[in-house]
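Both ligands and their constituent atoms are indexed starting at 1 by order of listing. All values reported here derive from a predicted model rather than from experimental measurement.
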Amino acid sequence: MTDKNTETYLNFVEQIVTRDIAANKNDGRVQTRFPPEPNGYLHIGHAKSICLNFGLARKYNGKCNLRFDDTNPSKEENEYVESIQDDVRWLGFEWDDLFFASSYFDQLYEWAEQLIQDGHAFVCDLSADEMREYRGTPTKVGKNSPFRDRTEDENLDLFRRMKAGEFADGSKTLRAKIDMSSPNLNLRDPVMYRIMRAHHHRTGDDWCIYPMYDFAHGQSDSIEGITHSICTLEFEDHRPLYDWYCEKLGIHHPQQIEFARLNLTYTVMSKRKLLQLVQEGHVSGWDDPRMLTIQGLRRRGYTPESIRQFCETIGVAKFNSTIDMHVLENAIREDLNKRAPRHMAVLDPLKLIITNYPEDKTEERSAINNPEDESMGSRTLPFCRELYIERSDFEEDPPKKYFRLAPGQEVRLRYGFIIKCEDFVKDASTGEVTEVRCTYDPDSYSGGPTATRKVKGTIHWVSARHAVDAEVRLYDHLFDKLDPEDTEEGKDFLSNMNPNSLQTITAKLEPALANVEPGFRCQFERNGYFCADSVDSKPGALVFNRTAALRDSWAKIQKKA
Ligand code: ATP
Ligand code: MG
């Protein structure tokens with residue numbers, strides 16, 4: 001065994017699984033599942049659960065199912081069923097079997113009758129309000145329902161009539177008979193079935209009673225032969241109920257294991273809130289690149305590898321915490337740094353004229369595609385008298401240690417020559433600099449006689465005549481508070497939205513980018529990682545999203561120069 005496989009390197013779930021295999025529990029079998037409710041799109045939190053569940057199956061030669069926990073018809077839709085499958089596959093996982101909890105409605109119903117016959121369940125006529133009152137509180141024991149002592153025959157008759165549609169929505173429930181004085185509120189005669197005339201996305205109008213999550217989830221696990229049922233910490237208090245149903249029914253009993261859910265700074269994670277952002281038009285859709293949905297991250301330019309690496313980095317723990325958004329951004333930077341071709345793009349163009357360069361001449365400058373990966377080769381950049389440079393690379397009155405262009409100052413043009421600023425032109429009415437005029441040193445090309453002459457800065461550029469325009473969307477956090485839920489009295493998380501989370505500009509790109517396909521990813525040198533928008537970009541009409549800015553980009557290039 002290599003070090004990586006010894007117990008100290010395993011997360012706590014892997015440690016449990018390893019011990020179970022060693023003890024030949026479940027005949028040494030490992031089977032997990034990812035059980036989303038199809039009531040929204042998947043987000044980065046789900047990715048953590050996907051990586052954990054599918055990852056365990058991979059690591060221990062087991063199986064992992066995708067199961068839709070579709071027992072609450074009011075919020076579920078086929079659109080979500082499809083997007084979830086798409087997202088899981090995009091993340092790089094394939095399920096062994098695809099299941100729907102709704103396929104088990106008949107079996108669950110039979111098991112409910114079994115519990116009634118065994119004296120473990122009863123039909124209750126208390127209203128929702130009354131039931132709440134009877135339930136008590138964590139510090140006050142509950143009271144038995146006056147309907148708790150109905151005979152098994154009466155319960156069976158009433159439950160069958162509930163199913164047959166004889167009673168109004170909400171007028172009766174089926175409840176497990178456990179213990180109204182249990183310190184765990186989940187064990188105070190929890191509801192198993194409710195009457196609800198709602199159209200289900202798969203079973204249509206076949207049912208007017210639907211099982212509660214707790215009555216459906218563990219049994220669905222059991223039917224599929226799940227060995228380790230992994231869920232988030234909020235379900236720790238539900239575990240005794242999970243166990244109770246499996247024991248009372250005498251069925252295969254998976255082990256529920258709880259882990260900490262992922263929380264990230266500057267974002268909300270619950271599907272309900274993400275849905276609200278979409279429905280109220282605060283974002284352009286589930287795939288808005290500012291959304292931390294899988295679809296949003298994907299459109300933003302994240303790779304599946306970077307998301308898997310992020311999940312690996314944050315690990316799996318048993319206590320809740322909030323991960324800094326930088327950790328996610330670092331994951332995509334690291335991945336794209338290795339893989340993304342480099343290109344030139346000027347986001348805030350300022351015209352630069354090389355006065356001693358012939359007007360009609362064009363030459364090709366050779367540029368390296370990826371300094372991290374020699375096999376990616378090189379390309380050429382057209383160079384001529386008129387260029388665009390970044391407006392921030394020129395200062396009329398440079399501060400100290402400003403090593404870019406300023407009157408009288410020299411810089412190197414990336415893959416080009418050393419230039420010296422001789423003059424600049426200002427718009428008389430606005431005071432804005434509209435043109436910078438320079439001379440170049442024709443011998444300072446790479447390998448040339450004066451190539452090694454020291455200048456402190458290097459800036460990027462594109463040829464004005466050859467550049468192509470692109471719409472570029474610069475994103476910032478959707479919320480400007482670390483915790484968007486931290487609001488002023490009487491306000492909700494929407495009050496913390498960042499009004500400047502999207503800035504749209506027109507940039508000038510090197511011509512090699514003119515025909516890139518939607519989804520194309522690259523680094524714009526010194527500006528960050530960008531991708532051609534998968535929805536709005538077309539060859540010839542480019543739209544780029546900024547995936548992530550570069551860290552310390554300027555400092556790094558200065559050092560190299
Ligand atoms: P939400 O509160 O966002 O609606 P959920 O837990 O209700 O999330 P489900 O569709 O029920 O969403 O979740 C499917 C699986 O993903 C569950 O096993 C759940 O524990 C897991 N999951 C959901 N959110 C997170 C998260 N933030 N971190 C880790 N796992 C998560
Ligand atoms: Mg849920």
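Contacts with ligand 1 closer than 4.0 Å are made by no heavy atom of Phe235, backbone or side chain.
Selection from Lys48, Arg261, Glu258 by nearest heavy atom to atom 8 (O) of ligand 1 gives Arg261. Considering each of Lys75, His217, Lys271, the one bringing a non-hydrogen atom nearest atom 1 (P) of ligand 1 is Lys271.
Not a single N or O atom of Pro36, backbone or side chain, sits closer than 3.5 Å to an N or O atom of ligand 1. Of the N or O atoms in His43, one or more lie within a sub-3.5 Å distance of an N or O in ligand 1. Considering backbone and side-chain atoms alike, His46 places an N or O below 3.5 Å from some N or O of ligand 1. Backbone and side-chain nitrogen or oxygen atoms of Gly45 are examined, and one is located within less than 3.5 angstrom of a nitrogen or oxygen of ligand 1.
Note: Tyr104 and Phe99 have tilted aromatic rings, judged against thresholds of 30 and 60 degrees for the angle between ring planes.
Ionic pairing of Asp86 and Arg298 is present here: one or more N-O contacts between side-chain nitrogen and carboxylate oxygen are shorter than 4.0 angstrom. With respect to Glu14 and Lys59, a salt bridge is recorded, a charged nitrogen being found less than 4.0 Å from a carboxylate O.
Among Tyr245, Trp244, Tyr210, the one residue that satisfies the ring pair (Phe, Tyr, Trp, His ring centres under 6.0 Å) test with Phe215 is Tyr245.
Distances below 4.0 Å separate heavy atoms of Thr232 from the following atoms of ligand 1: 20 (O), 29 (C), 30 (N), 31 (C). In summary, the atoms of ligand 1 found under 4.0 Å from a heavy atom of Phe259, numbered by their order in the structure, are 29 (C), 30 (N). With ligand atoms numbered from 1 in the order given, ligand 1 contributes 3 (O), 27 (N) to contacts under 4.0 Å with heavy atoms of Met269. The ligand atoms of ligand 1 that sit less than 4.0 angstrom from a heavy atom of Phe34 are 14 (C), 15 (C), 16 (O). Numbered from 1 in the order shown, with element, the atoms of ligand 1 that lie under 4.0 Å from a heavy atom of Leu262 read 26 (C), 27 (N), 28 (N), 29 (C). Atoms of ligand 1 lying under 4.0 Å from any heavy atom of Pro35, numbered from 1 in the order shown and given with element: 14 (C), 18 (O).
Surrounding CD of Glu133 are at most 12 heavy atoms belonging to other residues, nucleotides or ligands under 6.0 Å away.
Interatomic distance, Asp237 CG to Glu258 CD, rounded to the nearest 0.5 Å: 9.0 Å. We find the CG-CZ distance between Asp288 and Arg299 to be 7.0 Å, quoted to the nearest 0.5 Å.
Of the possible donor and acceptor atoms, none in the side chain of Gln219 sits under 3.5 Å from a partner among the backbone N and O of Leu249. With hydrogens and angles ignored, the 3.5 Å screen pairs no side-chain donor or acceptor of Thr173 with any backbone N or O of Arg194.
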